[in-house]
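Comments concern the structure below.
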Amino acid sequence: MDVQMAVFHCADGFLKQLMVTKLSQCQYALPLLVPDPFTRQIEFPLWTFRQINKSWKMKIKDDKIISQTQPICKAETPVVFFFRFGSVSSSKSQLMNSLINEKHNTFFHRNCPGSSKTRVLMDGVVEIAWFCPSGKDKDKFTDCVAFGNLHGDAGDHEKQLQILTEMASVNVVILPQLDKHDRCAAHIQNLFKKKWPLICLLTEDESAGMKMKKGKFKIGLKDRNQSDVSEELRRAINECLSDSSYTLRLENVFTNSKFKNSDIRVDEEDDDDCRRGKEAAQQMMSLLGKKHLTEIKESFLPHQGKLWHKWSQMNKELYRLKTDKIEKEKGMKKTEMNKIRKQQHNSEISGFMNFFIKEMHSNNEHEKTFFLKWLRILLDEYTSVDLTALHHNYNEKWSTVVNLKKENHNKSEQLKTEQNELERISEELQAASFGVEHIMREIGQIYESCSSVKKNKKDMQIDFSSLPSIAAKMMISGFPLELMDGDVAHVPLVWISAVLDQLIQKLGDQRVFVLSILGIQSSGKSTMLNAMFGLQFAVSAGRCTRGAFMQLVKVSDEMKTQMNIDYILVVDTEGLRALELAGRSTRHHDNELATFVVGLGNMTLINIFGENPSEMQETLQIVVQAFMRMNEVRLNPSCVFVHQNVSDVTAGEKNMEGKRRLQEKLDEMTKLAAKDEVYDAECFSDVIKFDVQNNVKYFAQLWEGSPPMAPPNPNYCENIQELKEAIVSNVSKSHGMMLKDLIDRIKDLWEALLNERFVFSFRNSLEISAYRRLETEYSKWSWSLRSAMRETENKLHNQIENEAIHEVDRTDLQGELEKTSKEVKKSMSEFFEKDKDKDILIQWKISFEIKIENVEENIVTETKRKLNEILQQRHLKKKIDAQRTQHENTLYEKSKKLALKLRDEDKTNDEETLKKEFNLFWEESVKKIITDTPSIKDTDIMRDMEDILSNSYESVPVGHLRKNSEYNNVVTVQSYSYYVQFKKPSGKMEQVGDTLKGWFGIGPLSKDDELQIRSLVTDVAQQTDKIIQSFNISKMGYNNSCIQQLIDYIKARIIQHEGGPVKYVFKNEFFMDLVLWICKRANKMITDQHRLFRDANDPTTYVEKKKDEYYSIFRKYCHGTTSTAIFAEIICQKLKEPIEQSVYKKTARNLADEMSSNCESFNGNRSNLEKHILKRLAEEENFDKYMDYIKTPRDHFKSFIRDEVSRYITDKFSVSVLPKIKKNTELLMTTIMDSAYKSAVQVNRGDVGLWLESFTQQLKDVLIFSEKDLSGVKCDDVNDFKLLEGVIRKKLPDIMSEISSRLKTKTFEEKLDYKFRPDELLIDHLCQCCWVQCPFCAAICTNTIENHPGDHSVPFHRVDGINGCIGENTIIISFAVEAAYM
């Protein structure tokens, strides 16, 4: 007991109250007066009693029994006060226990286990306990009686003795014997003189009980039977109580004039926060006035009344329309619902609600919690009397109805009348229920109405957006939040989502495990949860939880490591087949409720009262049906069946028999439910993983004996602990869910239930979420494969250009990709095995494994094709490269000769002479090169196209087009009717009709014809893009044969199309406009690539760029620099361009990798990219771009990616691009220096050719640089390889700095071929997918594989007709109109 008191002294007001409440529930005595261990000032902890209610029954006249339930603070009861003087042989507390409950130690005494002789903190403490009668003849006392017990010698605690003897109705003193010389004699004599009853128990006296005078008794204890003494004492107390009318009300004790100045500290008055919280709650309650309880909600909480009921009903109807004019009906419903919301918004906020909102916005969290607790206490007091009367009336009326049904003798009219009366009382009960939850419901409806009309209420002092914060703070403080409004059976989604969003803001996106509980009304669910987690759900047989409430339970830091979650979210429900729903369609309501909480929970406790499952057959079928639905949408919550109130002796074989019966009943219910749900299941284990041995718990009776005096059954507490351990074990194996996911889960579940198509609706939303996550992961996997292959492609490309390899083998490419492929497959396996939605994802595992294999195969095939093209073009390119190398090396040699000549003539000291001589030499040399090699001209794609069309296709009216400078965009035209002529039909009338249609442009083409032509245009555009890339113009140069090939290809495709099963041919205008459109879109790409070719190969351009380099080497020759040093400088100059290209390519790949991870629009699947495209379109509000997106989505996607990449490079140039350039430059410089050093070590003397061979071999993977680049440069006298390596090491940093200094934001466009740019790398990754569009709404197929098998599909269709046509009487089409996911 000293330990208990130590905790009590250290606790704050809330913990003290919790301790005392729990002690009361366990039928233990409570501390009434507590002396401070240091100052000895006495405290009366009145606050700790505020949550305690006591119930009892009393027998009155005619054996009629009345029930009472009262807050113990307000109950007026007689008090029997026990105290002792001196040291006595008998235990006072043990004697008191025999009076109250001989089977339970209400007062801790010397003979209890764990007791000790010494007392440190209990001395002077006064405890109190109550005897509550059950209304039976065996009751020891007929009314509720309080028993006070002063611990220690009363002579040492004068103040407590004085207070209690004056408070008591009967005083009972224990002392060795009555002796006038004893130090306590004065006290005894004083008590004898007073009129208050006194009973003296003498431990050294053997005499039986004796009445000394009225109200004064003496009973001996020595050597007497305990039960005899108890019986005598009980009779004496009863006699004293019958003569005394004095009663005590705890909350009035120290307001009494007798005790007002007693220097007793009352905790409620001493704690400022508690006092202010109480005052605020009392002030708020005073605003209710004298309204009848059934009128309060209508008067003070108007937002949740008829308007909310009507809105909820209409919202359900909105999802369940059964009419031919659904859209019209839906529009009318929505208009009406908006009107209701406006009416709600126009409703005045009562002063009662405004006061509450103001108090909840105070900054003092402690005071706020006291306010809420006081408000709950005062509301319970306010409603308890009326609710008790209503429940009494309901029970009486229910009994009448039951009796009439049994009799059934022509009393149908009377029965109907009584049933109507029962229904009326039921409605009154519903109206009279009034608690903090209803206030929070009102706040929720205020918020929803304001959110709907998007403005604040006039009479509200704060902004409505701050209301969810109130509820979020309450949840964090441990208060439950209403999830489903039980009165209207509706979930206020807007409010709940806003509260949970606030919860995320305050706590972060925490991981929670949702524990749901189901069971019939008053089956002990809330009691079990309160015992297990210390929650605050309302508990009593008369007040059942309505709807569903959720409450957060914080997981301690030490348990987090074991459980892997931050909170348990407990969801308690209105009981199935609830009393309050009598007279309604409970079957449907129970189904909704069960499905909702089972779907929400990671684990569901199914609570059964008793061990016979046949008593809750309906409930079991509801539960089984709910689990069946969860299984169909691949939610796999676990379940535990809890049988409450099972006899303690039911163990071993009896439990096994009970489990067998439960298994049989579950299997039977599964078959019944399977018929309703059209589900293939024969037994319960087909629906959910269920182990009857471990997932069925038997709970002992809660009370050990008969209430109200029965203490809790210890076995029940053990059962609670076992269940708690089972839950913890389950939690540790579960991933739970994030709070953000919980919001989506609640929304999806409720909307699915509203649709009455639970499985289809919920699966859609749930699977979309899982599938999108899978697609995001798939995008990362495919990017990893492409990224790895790009590195390999770059390496092999360099080797091909360096003539290090002469063929590319498929096996080698697969080998290069093997490591990355294994990593991707491992990542895939882990994702499908460990993801929280693994049971949903499993359906796509095989298809995505095949997808990845296809991607890998395609990557290898495409890379081999590209490299083979480079191999084939290498032979054609040799002449161009050799010519350029010859020009460069000839200039080197001629400048060397001139330098040697000037050196011999001793003219090298004059810089002006050197410059003059060099300039003359340079002009002559360049003039000769230009004469031998004509310069490369600029391109004019459109002119070449016009010339080819004019020469090869004379029938095409090119002149007319050129004159007008206009053409029809073949992609955006609404109809292709203008472009076609019908083939000659067989019938004359048909011929005339089609001709007239053609003349007048009425549009003879069918929808199928239009779609076929549009598909042809799109495919031709895609194929011509590939043809242009295959030209490799940046390396091979451009000539008009490229345009000729494009035009010939377009013509061939048109002829091929016309030869198919079509009834038309194309006019020349179609061919011309298609060619013009293709050439115009290809113009920039071809021009940019040709510019790169010209910069690299036009003698005027590339030779002039190198003039300074040649002059530098010329000067060195003039000044007698060694051949080795000059050769090293020539090597460095030759390396400049390959280094620049290598660094830019590597940086481009790095940027593409970075953007695929960090750029929001690129870091997911194509659906994510499309979301950002749509957002951009909405922001820009450019109609032409919308049309471009609808008509040519692939081109629009490419354009968007290029814009995003350009913007990213511009914005991140200094923080991302430059650091990458620097890093890649340094890495490459290190590689070159290492190669020079290793070559110098390997070839330390001898032929420079060997050194050069070794040097270029080591660089063949990273640079396009080979010995042929130095052919023609004489280096026979180069033999000091250490010097060569040293000069390269010295000169290389300058070259690297020069490359970096030339870098600009447009460098990639200016320096790199299309295929190496970061935007093209991302396009290659994100646009290699299906681009087929829905024929009606133009939505793009979401399949990530081009030319995939099976139907095309989209998650959401757009408005019908956006593509220019709609389906009439269409039943089945090849493009899946219903949203599908693969």
task = Test side-chain contact (heavy atoms from CB on, under 4.5 Å) on M563 and I568 and set out the steps.
result = CA-CA 10 Å; M563 297 170 75; I568 292 176; 3.8 Å; yes
query = E251 and K74: salt bridge (charged side-chain N to carboxylate O under 4.0 Å, His left out), yes or no, with the steps?
reply = CA-CA 6 Å; E251 69 175 4; K74 294 185 173 295; 2.7 Å; yes
task = For the pair F85 and H187, evaluate ring-ring contact (aromatic ring centres under 6.0 Å, His included) and give the outcome as yes or no after the intermediate values.
result = CA-CA 10 Å; F85 285 113; H187 287 292; 5.6 Å; yes
request  = Kindly determine whether Y698 and V642 satisfy side-chain contact (heavy atoms from CB on, under 4.5 Å), including the steps that lead there.
outcome  = CA-CA 6 Å; Y698 287 91; V642 178; over 6 Å; no
query = Could you go step by step and tell me if V173 and L191 meet the side-chain contact (heavy atoms from CB on, under 4.5 Å) rule?
reply = CA-CA 10 Å; V173 59; L191 289 170; 5.5 Å; no
task = Apply the test ring-ring contact (aromatic ring centres under 6.0 Å, His included) to residues Y246 and W196: give CA-CA distance (whole Å), side-chain angles for both, the deciding distance (0.1 Å), then the verdict.
result = CA-CA 9 Å; Y246 180 76; W196 308 121; 5.3 Å; yes
key: Audit row: K103, E704, salt bridge (charged side-chain N to carboxylate O under 4.0 Å, His left out) steps and yes/no   = CA-CA 9 Å; K103 295 180 181 178; E704 194 171 36; over 6 Å; no
task = Please assess K16 against F8 for the test side-chain contact (heavy atoms from CB on, under 4.5 Å), listing each intermediate value before the final yes or no.
result = CA-CA 6 Å; K16 283 180 180 177; F8 188 84; 3.9 Å; yes
task = Let me see the working for N105 and H109 under side-chain hydrogen bond (donor to acceptor under 3.5 Å, both in side chains), right down to the final yes or no.
result = CA-CA 8 Å; N105 292 318; H109 57 85; 3.1 Å; yes
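Separation of atoms CG (L30) and CH2 (W130) is listed at 5.5 Å; rounding is to 0.5 Å. Considering CE of M96 and CG of L233, their distance stands at 9.5 Å, rounded to 0.5 Å. One finds the CG atom of L202 at 7.0 Å from the CG atom of L221 (value rounded to the nearest 0.5 Å). Atom-to-atom distance recorded for I42:CD1 and L33:CG is 6.0 Å, nearest 0.5 angstrom. The distance from atom CG of L15 to atom OG1 of T48, rounded to the nearest 0.5 Å, is 11.5 Å. With rounding to the nearest 0.5 Å, the separation of CG in N530 from OG1 in T21 is 11.5 Å.
In this structure, K59 pairs ionically with D137, as a charged nitrogen and a carboxylate oxygen lie closer than 4.0 Å. With salt bridges taken as basic N to acidic carboxylate O contacts below 4.0 Å, none links K136 and D139. Under 4.0 Å is where a charged nitrogen must lie from a carboxylate oxygen, and between D205 and K222 no such pair does. A salt bridge links R224 with E232: at least one charged nitrogen is closer than 4.0 Å to a carboxylate oxygen. Salt-bridge check for E268 with R275: failed, with every basic side-chain N at 4.0 Å or more from each acidic carboxylate O. Salt bridge present: R276 and E367 bring a charged side-chain N and a carboxylate O closer than 4.0 Å. Ion pairing between K140 and E231 fails under the 4.0 Å rule for side-chain N and carboxylate O.
Ring planes of F147 and F82: tilted class, angle from 30 to 60°. W47 and F14 have perpendicular rings, their planes meeting at more than 60° on a 0 to 90° scale where under 30° would count as parallel.
Between F131 and I100, the shortest heavy-atom distance links the atoms CD1-O, 3.6 Å. Residue C240 comes nearest to F217 through the heavy atom pair SG-CE1, 3.6 Å, listed as atom of the first residue, atom of the second, then distance. The shortest non-hydrogen separation linking V570 to V553 is CG2-CG2, 4.0 Å. Scanning both residues, A29 and L23, for their nearest heavy atoms gives O-CD1, 4.3 Å. The nearest pair of heavy atoms linking S55 to P708 is O-CB, 3.3 Å. Among all heavy-atom pairs drawn from R376 and F479, the shortest one is NH2-CD2, 3.7 Å.
Counted within 6.0 Å of NZ on K194, heavy atoms from surrounding residues, nucleotides or ligands total more than 12; the atom is thus considered enclosed.
A donor-acceptor distance shorter than 3.5 angstrom exists from the side chain of S230 to the backbone of Q226, with no hydrogens or angles considered. Listed for the N97 side chain is a donor-acceptor partner under 3.5 Å among the backbone atoms of F107. Of the possible polar contacts, none joining the S729 side chain to the E725 backbone as a donor-acceptor pair under 3.5 Å is found. Judged by distance alone, the side chain of H104 and the main-chain N or O of P712 form no donor-acceptor pair under 3.5 Å. Using modelled atom types, one side-chain atom of K724 and one backbone atom of M532 make a donor-acceptor pair closer than 3.5 Å. Here the side chain of D2 pairs a donor or acceptor atom with the backbone of L121 at under 3.5 angstrom.
Neither side chain, N101 nor Q27, offers a donor N or O lying under 3.5 Å from an acceptor on the other. For K92 and N149, the side-chain atoms include at least one donor-acceptor pair closer than 3.5 Å. In this structure, a donor-acceptor pair under 3.5 Å is absent between the side chains of H157 and Q162.
Considering only heavy atoms from C-beta on, R235 stays 4.5 Å or farther from N238 through its side chain. W703 has its side chain out of reach of N713: every pair of non-hydrogen atoms, C-beta onward, lies at least 4.5 Å apart. Residues K22 and Q25 have side chains in contact (heavy-atom distance under 4.5 Å, counting atoms from C-beta outward). Within the 4.5 Å cutoff, the side chain of P37 has heavy atoms near those of the H9 side chain. Taking the side chain as every heavy atom from C-beta outward, R84 and D153 approach each other to under 4.5 Å. Between F192 and K216 there is a side-chain heavy-atom pair separated by less than 4.5 Å. You'll find the side chain of D267 reaches within 4.5 Å of the side chain of E43, heavy atoms only. Annotation: side chain of F83 is not in contact with side chain of V126 (no heavy-atom distance under 4.5 Å).
Exactly one residue among T69, T77, I72 makes a side chain to side chain contact (heavy atoms under 4.5 Å, CB included) with K54. That residue is I72.
Note that K278 lies outside the cation-pi zone of F370, set by a 6.0 Å cut-off to the ring centre and a 45° limit from the axis.
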